[in-house]
Amino acid sequence: MVFAMARSSHIVYRNPYGQLQTHAEQELALLEEERERLVQRTAEIDERARQLREYLKAMTPLTAKDSGQALAEVGVTNLCRQVIDSTPHWVTAQEVRTMLKGIGVDISSYTNPMSVLHSILHRVAASYRDAEGKLYFGRRDLIRPPGLPEEEQSDGKKSAKARSKRAAKRA
């Protein structure tokens, strides 16, 4: 019998341990890259946490002295009166709402906050409408804007003059 010898050049031998080693080296490189990203992210988190701790430390005295509870106990009517008394000019109800918001008073929990505000302002302040019909409120001692007829200004109460004119119209 004659055996034909196969050429060994077509056969490629790969050491299975070498392949395992190559895969392990690649995975190790990936893990080291991931560790570096995590170290960087941890440093970012630590810095942000430090900033927030400083912020909270600075805010603590301000929140401890917050007069919000005291404002809530004063009531919206008294706050509106204080806003009007401290304002040297005529203001709209929207401006009063903005001023209240600026001192931390939020009236949005009312069903119709602007209606509540208008009702209060009519009780505690003088009012007038300009030529376009825009309504303004102010202290009773504020000078009436020029060109406004006397009977169009309200002092927050029905004046005798206005009542008598209305009574004459009805008659």
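Model, not experiment: these values are computed from the prediction. For reference, positions follow the sequence shown, starting with 1.
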For residues 111-121, tabulate all N or O donor-acceptor pairs below 3.5 Å that involve a side-chain atom, not counting sequence neighbours.
| residue | atom | partner | partner atom | Å |
| --- | --- | --- | --- | --- |
| Asn112 | OD1 | Ser115 | N | 3.3 |
| His118 | ND1 | Met114 | O | 2.9 |

**Request:** Measure centre to centre between the rings of Tyr128 and Trp90, then say whether the value is under 6.0 Å.
**Result:**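 Yes.
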
Look up atom [atom1] in [X] and atom [atom2] in [Y], then write down how far apart they are to the nearest 0.5 Å.
X      : Y      : atom1 : atom2 : value
Leu28  : Glu32  : CG    : CD    : 4.0 Å
Leu79  : Met99  : CG    : CE    : 13.0 Å
Ser108 : Lys101 : OG    : NZ    : 7.0 Å

**pair His89-Tyr136: side-chain heavy atoms closer than 4.5 Å** =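 No; the side chains remain at least 4.5 Å from each other.
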
**Prompt:** Does any non-hydrogen side-chain atom of Phe137 lie less than 4.5 Å from one of Thr87?
**Reply:**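 The answer is no, as the side chains (C-beta and beyond) never meet within the 4.5 Å cut-off.
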
Output a table of donor-acceptor pairs, distance under 3.5 Å, between side-chain atoms of residues 19-26 and any protein atom two or more places apart or on a different chain; print 'none' if there are none.
| residue | atom | partner | partner atom | Å |
| --- | --- | --- | --- | --- |
| Gln21 | NE2 | Glu25 | OE2 | 3.3 |
| Thr22 | OG1 | Gly18 | O | 3.0 |

**Prompt:** Does a side chain donor of either Arg123 or Thr77 reach within less than 3.5 Å of an acceptor in the other side chain?
**Reply:**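 Judged by distance alone, the side chains do pair up.
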
**Asked** With Arg48, which of Glu44, Arg50, Gln51 fulfils side chain to side chain contact (heavy atoms under 4.5 Å, CB included)?
**Response**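 Of Glu44, Arg50, Gln51, side chain to side chain contact (heavy atoms under 4.5 Å, CB included) with Arg48 is met by Gln51 alone.
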
**Prompt:** Going by an N to O cut-off under 4.0 Å, is there a salt bridge joining Glu34 and Arg37?
**Reply:**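 Yes, charged N to carboxylate O under 4.0 Å.
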
**Asked** Arg139 and Asp85: which non-hydrogen atoms are nearest, and at how many Å?
**Response**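 Minimum heavy-atom contact is CD-O, 3.4 Å.
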
**Message:** When you measure from the side chain of Arg140 to the backbone of Val124, do you find a donor-acceptor pair of N or O atoms at a distance under 3.5 Å?
**Reply:**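 Yes; at least one donor-acceptor contact below 3.5 Å.
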
